[in-house]
Amino acid sequence: MKGRVWKFGNDVDTDLIIPARYLNTTDPQELAAHCMEDADPGFAKVVQKGDILVAGKNFGCGSSREHAPIAIKAAGVSCVIAATFARIFYRNAVNIGLPILECPEAAAALQQGDVVEVDLSTGIIKNLSRPGEHQAAPFPPFMQEIIKAGGLINYVQERMKKRA
Amino acid sequence: MSMTITEKILAAHAGEERVEPGELVNCRLDLTLANDITAPVAIKEFARLGLDRVFDPERVVLVPDHFTPNKDIKSAEQCRLIREFAREFGITNYFEVGRMGIEHCLLPEQGLVLPGDLVIGADSHTCTYGALGAFATGVGSTDLAAGMALGECWFKVPESMKFIYHGRLQPWVGGKDLILYTIGDIGVDGARYRAMEFTGEAISSLSVEGRLTMCNMAIEAGAKNGIVPPDEKTVAYVEKRAKREYRLYDSDPDARYVEVREYDASSIEPQVAFPHLPENARPVSEAQGIEIDQVVIGSCTNGRIEDLRVAAKILAGKKVHQRLRVVIIPGTQEIYLQALREGLLEVFVEAGAAVSTPTCGPCLGGHMGILARGERALSTTNRNFVGRMGHPESEVYLAGPAVAAASAVAGCIVHPKEVAGDAN
């Protein structure tokens with residue numbers, strides 16, 4: 001996948017990603033319309049399909065609201081790269097099939113507007129705007145299974161079939 | 001071989017003799033929880049599985065508490081969805097407005113969470129229940145949907161951090177101050193992916209309520225769970241509430257910790273966390289004089305009877321300062337009734353505070369106390385992120401109920417002793 005970089009700082013919390021005042025809906029498109037609103041009010045209007053979100057440490061800290069990765073995914077963001085992720089956000093992103101990569105080097109080096117190519121199978125992040133290539137930590141094998149199944153619900157369906 | 005309390009509970013629920021930090025385990029669940037924000041997404045995901053039952057209708061808890069009593073038509077629709085789901089699947093622990101409470105005040109109070117339990121909740125503050133010696137952690141809606149279906153969830157066994165609080169607490173210092181101080185020390189990702197185990201003389205002297213407050217905010221340090229090994233206070237708390245068996249676990253003396261931190265609790269002042277992160281905690285003396293527009297006393301962090309008693313003690317016979325408004329929210333119907341019987345509500349109303357039915361409303365900028373542009377609140381809630389309580393250009397300061405009540409009288413942030421003296 002290939003996309004333009006949107007750069008954010010450290011400790012981007014779930015209230016910044018999708019403020020609670022919009023959580024009286026579960027519609028992904030409605031949520032996407034307010035994605036990152038309190039961090040960058042113009043973001044949702046100008047973000048393009050395939051764009052990549054890059055942030056510092058502890059991305060997605062705070063609430064367990066799955067609306068956060070849902071909003072990011074529905075806004076068209078193809079991948080989130082951060083130095084580190086908060087635990088619940090990381091799990092939620094995997095569960096709904098939003099690709100995320102932990103890579104402190106890429107998080108530090110990539111700049112707003114850079115065009116970046118990401119290979120999810122190898123974890124290689126390549127900067128097409130300037131010289132630079134980074135290696136993200138691969139998913140643990142167990143999580144790869146969930147991703148391979150197409151998210152957690154599909155994975156559970158497979159498990160339930162085996163039980164029956 | 002030695003294990004921590006967190007490792008023991010995970011091992012027991014995975015059917016293993018022992019587990020190691022970093023290991024992935026599949027665990028049996030004692031309880032799953034969701035609210036009016038997270039349940040609708042979970043119900044949608046659950047529907048994709050095409051099942052006609054949940055794993056156990058008595059172990060699925062649904063509490064509409066965030067936007068209730070419904071603040072608008074959309075939130076009413078979300079609650080209707082939960083209500084219909086609860087009826088269709090025979091969920092016994094669905095709590096309707098008027099019989100409910102803020103989920104993390106309600107579940108321990110109703111004896112739904114017990115020592116040794118393994119609980120997941122689609123709410124990040126599910127970690128509150130660690131105060132009873134349970135392993136409890138927040139998850140998203142899809143994890144919750146899978147949990148409701150299977151009665152199981154996978155976990156990475158966390159490394160444990162041990163926090164030892166020595167000494168006796170100063171007057172007006174409570175669990176909220178200890179946890180704010182701790183988050184101030186380690187930062188909002190200081191315990192990321194880890195278990196926070198709270199021990200020491202000051203924890204033994206804390207009430208169960210104070211411990212619930214501490215474990216509640218473990219997530220604000222990024223932790224997977226907070227936990228207090230159960231003691232006689234825990235047993236006294238759960239004994240009158242439990243409707244099923246429970247089990248007390250404790251860490252082995254030689255259990256392994258990735259880090260141990262020791263504090264002299266007797267030197268800790270009441271704390272205030274400055275905007276816009278809970279880690280910006282400072283002694284109240286450094287916040288003295290900051291003017292505020294609104295005080296909120298309540299939430300899953302500090303909406304328990306003990307918190308209301310502290311607030312009432314300070315507000316008794318006094319008036320809320322003219323320049324600000326105060327919203328006080330008992331955490332559950334039972335707490336509301338108790339506060340009524342003890343005369344606390346009368347104290348609040350006479351002081352000029354608004355008293356609300358249980359709701360999470362103001363904590364997350366939902367309703368019942370939204371801030372306008374440029375306004376500043378002092379709140380006993382758990383988060384002070386940008387826009388958390390309303391306008392993105394408003395500010396939230398976090399503190400315990402003593403500082404909040406005293407500041408409500410003073411009109412600016414003060415040490416409680418300045419309003420109420422040293423005797424608490």
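Throughout, a chain's letter reflects where its sequence line sits, starting with A, and its residues are numbered from 1. Values in this document were obtained by computation on a predicted structure and should not be read as measured data.
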**Q** Looking at B:Ala122, is its backbone amide N or carbonyl O close enough to the side chain of B:Thr38 to form a donor-acceptor pair, meaning the two atoms are under 3.5 Å apart?
**A**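 Yes.
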**Q** Hey, which residues of residues 19-32 of chain A are touching chain B, say heavy atoms under 4.5 Å apart?
**A**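 Residues of residues 19-32 of chain A touching chain B at under 4.5 Å: A:Ala20, A:Arg21, A:Leu23, A:Asn24, A:Thr25, A:Thr26, A:Glu30.
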**Q** Measure distances from B:Ala42 to the heavy atoms of chain A and classify the residue's part below 4.5 Å as side chain, backbone, both or neither.
**A**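 No part of it gets close to chain A.
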**Q** With a sphere of 6.0 Å drawn around NZ of B:Lys44, does it hold more than 12 non-hydrogen atoms of other residues, nucleotides or ligands?
**A**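 For B:Lys44, atom NZ is crowded (more than 12 foreign heavy atoms under 6.0 Å).
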**Q** Tell me, for B:Glu45 versus chain A, whether the close heavy atoms (under 4.5 Å) come from the side chain, the backbone, both or neither.
**A**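 Both backbone and side chain.
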**Q** Short question: side chain of B:Asp36, backbone of B:His66 - any donor-acceptor pair under 3.5 Å?
**A**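 The answer is yes, because a donor-acceptor pair under 3.5 Å joins these two groups.
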**Q** Is it the backbone or the side chain of B:Leu364 that comes under 4.5 Å from a heavy atom of chain A, or both, or neither?
**A**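 It is both, since atoms from each part get that close.
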**Q** Could you tell me whether a side-chain N or O of B:Thr6 sits under 3.5 Å from a main-chain N or O of B:Ala195, the two making a donor and an acceptor?
**A**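 No.
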**Q** Which atom pair, heavy atoms only, marks the closest approach of B:Ser394 to B:His391?
**A**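 Distance-wise, the nearest heavy atoms are OG-O, 2.5 Å.
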**Q** Inspect the surroundings of NZ in B:Lys156 and state if more than 12 heavy atoms from other residues, nucleotides or ligands are less than 6.0 Å away.
**A**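 Atom NZ in B:Lys156 is not packed in, count stays at 12 or less.
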**Q** For residues 40-55 of chain A, which residue pairs qualify under side chain to side chain donor-acceptor pair (under 3.5 Å), counting only residues two or more places apart or in two chains?
**A**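 Found A:Arg4-A:Asp51, A:Trp6-A:Asp51.
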**Q** Hydrogens and angles aside, do B:Arg80 and B:Ser75 bring a side-chain donor and acceptor to less than 3.5 Å of each other?
**A**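 There is no such pair between these side chains.
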**Q** Under 4.5 Å, heavy atom to heavy atom, which residues of residues 86-102 of chain A contact chain B?
**A**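 From residues 86-102 of chain A, the residues near chain B are A:Ala86, A:Arg87, A:Ile88, A:Tyr90, A:Arg91, A:Asn92, A:Asn95, A:Ile96, A:Glu102.
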**Q** So which part of B:Glu77 gets closer than 4.5 Å to some heavy atom of chain A, the side chain, the backbone, both or neither?
**A**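 Neither part.
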**Q** Non-hydrogen atoms of chain A under 4.5 Å away: do they reach the side chain of B:Phe385, the backbone, both or neither?
**A**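 It is both, since atoms from each part get that close.
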**Q** Between B:Leu49 and chain A, with a heavy-atom cut-off of 4.5 Å, which part of the residue counts as in contact: side chain, backbone, both or neither?
**A**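 Both backbone and side chain of B:Leu49 come within 4.5 Å of chain A.
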**Q** With a 4.5 angstrom heavy-atom cut-off, is it the side chain or the backbone of B:Asp72 that approaches chain A, or both, or neither?
**A**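 For B:Asp72, the contact with chain A is made by the side chain alone.
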**Q** With distance as the sole test, does B:Thr68 use its side chain to make a donor-acceptor pair with the main-chain N or O of B:Asn70 at under 3.5 Å?
**A**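 No.
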**Q** Kindly compute the distance separating CZ (A:Phe85) from CD1 (A:Ile81), expressed to the nearest 0.5 Å.
**A**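 One gets 8.5 Å once the value is rounded to the nearest 0.5 Å.
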**Q** For A:Ile124, is there any backbone N or O sitting under 3.5 Å from a side-chain donor or acceptor partner on A:Asp119?
**A**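 Side chain of A:Asp119 to backbone of A:Ile124: no pair is present.
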**Q** For a side chain to side chain contact (heavy atoms under 4.5 Å, CB included) with B:Arg383, tell me which candidate from B:Leu277, B:Ile219, B:Thr301 qualifies.
**A**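 Result: among B:Leu277, B:Ile219, B:Thr301, B:Ile219 is the only option passing the side chain to side chain contact (heavy atoms under 4.5 Å, CB included) with B:Arg383.
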**Q** Tell me whether A:Gln135 contacts the main-chain N or O of A:Thr122 through its side chain, where contact means a donor paired with an acceptor under 3.5 Å.
**A**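 Checking the backbone N and O of A:Thr122 against the side chain of A:Gln135, a donor-acceptor pair under 3.5 Å is found.
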**Q** Please step through side-chain hydrogen bond (donor to acceptor under 3.5 Å, both in side chains) for the pair B:Asn35 and B:Asp123, ending with a clear verdict.
**A** CA-CA 8 Å; B:Asn35 58 48; B:Asp123 188 281; 3.1 Å; yes
**Q** Is there a side-chain contact between B:Val396 and B:Pro275 in this structure, where contact means two heavy atoms from C-beta onward sitting under 4.5 Å apart?
**A**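 Sidechains of B:Pro275 and B:Val396: no contact.
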**Q** Select, from A:Ile153, A:Thr84, A:Asn154, the one with the greatest count of heavy-atom pairs under 4.5 Å involving chain B.
**A**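 Looking at each option in turn, the highest pair count goes to A:Ile153.
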**Q** Under the salt bridge (charged side-chain N to carboxylate O under 4.0 Å, His left out) test against A:Asp114, which residue among A:Arg130, A:Lys2, A:Lys7, A:Lys126 passes?
**A**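 Per the salt bridge (charged side-chain N to carboxylate O under 4.0 Å, His left out) rule, the option paired with A:Asp114 is A:Arg130, out of A:Arg130, A:Lys2, A:Lys7, A:Lys126.
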**Q** Residue by residue, scan residues 60-69 of chain A and write down, ordered by number, those that have a heavy-atom distance under 4.5 Å to chain B; if none do, write 'none'.
**A**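 So the qualifying residues are A:Cys61, A:Gly62, A:Ser63, A:Ser64, A:Arg65, A:Glu66, A:His67.
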**Q** Which one wins on heavy-atom pair count under 4.5 Å against chain B: A:Leu152, A:Leu16, A:Ile70?
**A**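 Top option by heavy-atom pairs under 4.5 Å: A:Leu152.
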**Q** Between B:Gln78 (side chain) and B:Ile37 (backbone), is there a donor-acceptor pair under 3.5 Å?
**A**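 No, B:Gln78 side chain to B:Ile37 backbone: no donor-acceptor pair under 3.5 Å.
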**Q** Using heavy-atom distances under 4.5 Å, tell me whether B:Leu144 contacts chain A through its side chain, its backbone, both, or neither.
**A**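 Neither the backbone nor the side chain of B:Leu144 comes within 4.5 Å of chain A.
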**Q** Donor-acceptor pair, distance only, cut-off 3.5 Å: does the side chain of B:Arg388 make one with the backbone of B:Cys363?
**A**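 The answer is yes, because a donor-acceptor pair under 3.5 Å joins these two groups.
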**Q** Side chain, backbone, both or neither: which part of B:Arg192 has a heavy atom under 4.5 Å from chain A?
**A**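 Contact with chain A: side chain only.
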